[in-house]
Amino acid sequence: MKKTVSIIIPFHSEPTYTVFNVLASINNQIGIDFEKVEVVLVNDGGPELPDGVDTFKLLKNLDIVYIRLSKGHGPGPARQKGMDRASGQYFMFMDADDQFHIDEALLDFFNVTNKGSYDLIAGKYVEQARDIKTDDFFYVFHDNTENYSIFSKWFNRDLIERYHIHWADDLRVFEDTYFVGLVTEFSTNTKRIDSIGYSWLYNSKSTGRSTGKLGVSFDDQLHTWSKGRRYFLEEVQKYKPERVADLFVAYVADIYYRQKRFTPADIGKFAEEHVHLLREFSSYWLPARAKIMQTIINYNQKGTIYDDLSNDDALKFLFQTEQYALGDQFSKQEVK
């Protein structure tokens with residue numbers, strides 16, 4: 001029987017019992033035909049399982065494809081390896097230290113596919129976080145309209161293959177923002193599920209968690225952010241060139257505030273990647289200049305995290321960025 005969904009789970013340093021827990025949360029789903037579910041477990045260069053895939057033989061409902069990579073490639077490439085082996089019509093991704101939030105999570109997705117085919121099916125999810133001051137847990141609920149994480153989403157193989165969407169080999173953070181961003185941009189048929197089906201559980205060692213320490217959290221990896229945005233614009237330009245101008249405006253306005261909030265971990269690499277993007281898409285600069293400034297001003301509203309930034313500061317940034325986009329020379333040290 002053809003699989004409806006392949007659930008791809010990369011893991012590296014997680015203990016076996018942690019991987020068992022995420023698999024058990026799949027095994028314990030109710031109301032579905034498990035013959036239509038495939039689990040692709042990707043060991044991304046970590047220690048071999050005690051008995052290979054037989055380690056999880058107690059999970060009787062699961063059809064597990066086990067892949068062991070000789071060295072660690074990172075979450076994006078590991079997911080790509082899983083996709084290359086997967087047979088399902090839809091791809092779903094889970095992190096090895098997460099779980100389904102409810103026992104009917106997969107049933108909600110199957111109820112959608114039973115009625116028709118969609119490019120993207122997106123559900124809600126809950127994030128478990130920890131207060132760095134009190135060490136207490138708190139929970140953040142994410143809507144089904146967000147377009148930067150892989151959680152609680154099914155991606156249609158037809159769309160992935162039509163637009164040749166692949167995980168980027170060299171993005172160790174923000175790799176999901178790149179992938180999901182492309183799927184969201186190209187999807188013309190998205191279905192949103194109201195239920196909260198996925199739990200993003202707290203893991204202090206995860207690259208997806210902020211620690212407040214320079215160079216440790218992913219937020220300050222602005223060189224990778226700019227590289228990922230450049231890759232994103234390059235792919236969109238191939239298939240939807242009419243969208244690039246607006247997306248270029250969004251990048252420039254966003255990076256203005258992003259570098260104010262998060263000091264780049266590597267100022268030189270950030271300057272290099274930022275300027276690379278600006279130069280590659282410099283033809284969009286002059287037509288979009290006024291719109292970029294207005295977008296920045298619109299962001300700068302009282303009562304938000306941006307209300308301490310002046311319009312004069314924005315003008316200085318705009319002038320500096322114009323030199324990067326159009327000038328023949330630039331100084332890496334000038335990007336702050």
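Listed for the D131 side chain is a donor-acceptor partner under 3.5 Å among the backbone atoms of T134. When atom types are taken as modelled, the side chain of T184 and the backbone of G181 share no donor-acceptor pair closer than 3.5 angstrom.
Nearest approach of G72 to R172, heavy atoms of both residues: O-NH2, 3.9 Å. Residues F100 and A105 approach most closely at CD2-CB, 3.6 Å, considering heavy atoms. In this structure, T295 and A253 approach most closely via the heavy-atom pair CG2-CB, 3.6 Å. Contact detail for S149 and K153: the closest heavy-atom pair is O-NZ, 2.9 Å. Nearest heavy atoms, P10 versus M94: CD-O, 3.6 Å. The nearest pair of heavy atoms linking L222 to P264 is CD1-CG, 3.7 Å.
Identified under the ring pair (Phe, Tyr, Trp, His ring centres under 6.0 Å) test for residues 1-30, with sequence neighbours left out: none.
Among R258, R229, H274, R230, the single residue meeting the side-chain hydrogen bond (donor to acceptor under 3.5 Å, both in side chains) criterion with Y251 is H274. When each of D176, D95, D44 is paired with R79, the salt bridge (charged side-chain N to carboxylate O under 4.0 Å, His left out) condition holds for D95 and for no other. Exactly one residue among F281, Y284, F232 makes a side-chain contact (heavy atoms from CB on, under 4.5 Å) with L247. That residue is F232.
Annotation: the span from Q99 atom CD to I102 atom CD1 amounts to 13.5 Å, rounded to 0.5 Å. Here OH of Y257 is found 11.5 Å from CZ of R261. Values are rounded to the nearest 0.5 Å. Residue L159 holds its CG atom at 10.5 Å from CZ of F91, rounded to the nearest 0.5 Å. Taking CG from N144 and CG from L120, the interatomic distance works out to 10.0 Å, rounded to the nearest 0.5 Å. Between atom CG of residue N27 and atom CG of residue L23 there is a gap of 8.5 Å, rounded to the nearest 0.5 Å. Taking CG of N61 as the start and CD of E35 as the end, the distance is 9.5 Å to the nearest 0.5 Å.
Under the 4.5 Å side-chain criterion, counting only non-hydrogen atoms from C-beta, E48 is in contact with R68. Contact annotation: the side chain of E175 approaches that of P75 to within less than 4.5 Å [non-hydrogen atoms, C-beta and beyond]. Side-chain atoms of I67 and N43, non-hydrogen and from C-beta on, never get closer than 4.5 Å to each other. Within the 4.5 Å cutoff, no side-chain heavy atoms of D219 are placed close to those of V173. With a 4.5 Å cut-off on side-chain heavy atoms, V19 and F56 count as touching. Within the 4.5 Å cutoff, side-chain heavy atoms of T16 are placed close to those of L49. V5 places none of its side-chain heavy atoms less than 4.5 Å from the side chain of K36. Side-chain contact between E235 and Y178 is present, with heavy atoms from C-beta onward closer than 4.5 Å.
Taking the six-membered ring where tryptophan is involved, the planes of F93 and F179 are perpendicular, since the angle between them exceeds 60° and thus also 30°.
Note on V275 and L286: same hydrophobic cluster, where clusters join Ile, Leu, Val, Met, Phe, Trp and Tyr whose side-chain heavy atoms are under 4.5 Å apart, directly or indirectly. Residues I64 and L58 are members of separate hydrophobic clusters, defined by side-chain heavy-atom contacts under 4.5 angstrom among Ile, Leu, Val, Met, Phe, Trp and Tyr.
Within 6.0 Å of NZ in K240 there are more than 12 heavy atoms belonging to other residues, nucleotides or ligands. Within 6.0 Å of NZ on K191 lie no more than 12 heavy atoms contributed by other residues, nucleotides or ligands.
Of the charged side-chain nitrogens involved, none lies within less than 4.0 Å of a carboxylate oxygen, so that R130 and D136 do not count as a salt-bridged pair. Ionic pairing of D143 and R192 is not present here: no N-O contact between side-chain nitrogen and carboxylate oxygen is shorter than 4.0 angstrom. Checked for salt-bridge contact, D170 and K227 meet the test: a charged N lies under 4.0 Å from a carboxylate O. Between R157 and E161 there is a salt bridge, since at least one side-chain N of the basic residue sits less than 4.0 Å from a carboxylate O of the acidic one.
Between F262 and W225, the ring center distance fails the sub-6.0 Å criterion. Between F186 and Y239, the distance separating the two ring centers is shorter than 6.0 angstrom. For F110 and W154, the distance between ring centers is under 6.0 angstrom. Centroid-to-centroid, the aromatic rings of Y118 and Y90 stay 6.0 Å apart or farther. Between H142 and Y125, the distance separating the two ring centers is shorter than 6.0 angstrom. Between F174 and Y148, the distance from one ring center to the other does not fall under 6.0 angstrom.
Residues D108 and S195 have side chains that bring a donor and an acceptor to within less than 3.5 angstrom of each other. One side chain, K2 or Q89, offers a donor N or O that lies under 3.5 Å from an acceptor on the other. Defined by atom type and a distance below 3.5 Å, a donor-acceptor pair is missing between the side-chain atoms of Q128 and W200. S187 and T190 form a side-chain donor-acceptor contact under 3.5 Å, judged by distance and modelled atom types alone. Side-chain N/O atoms of D158 and Y163 include no donor and acceptor closer than 3.5 Å. The closest side-chain donor-acceptor pair between D119 and N156, if any, does not fall under 3.5 angstrom. E38 and S6 share a donor-acceptor pair across their side chains, judged by distance under 3.5 Å alone.
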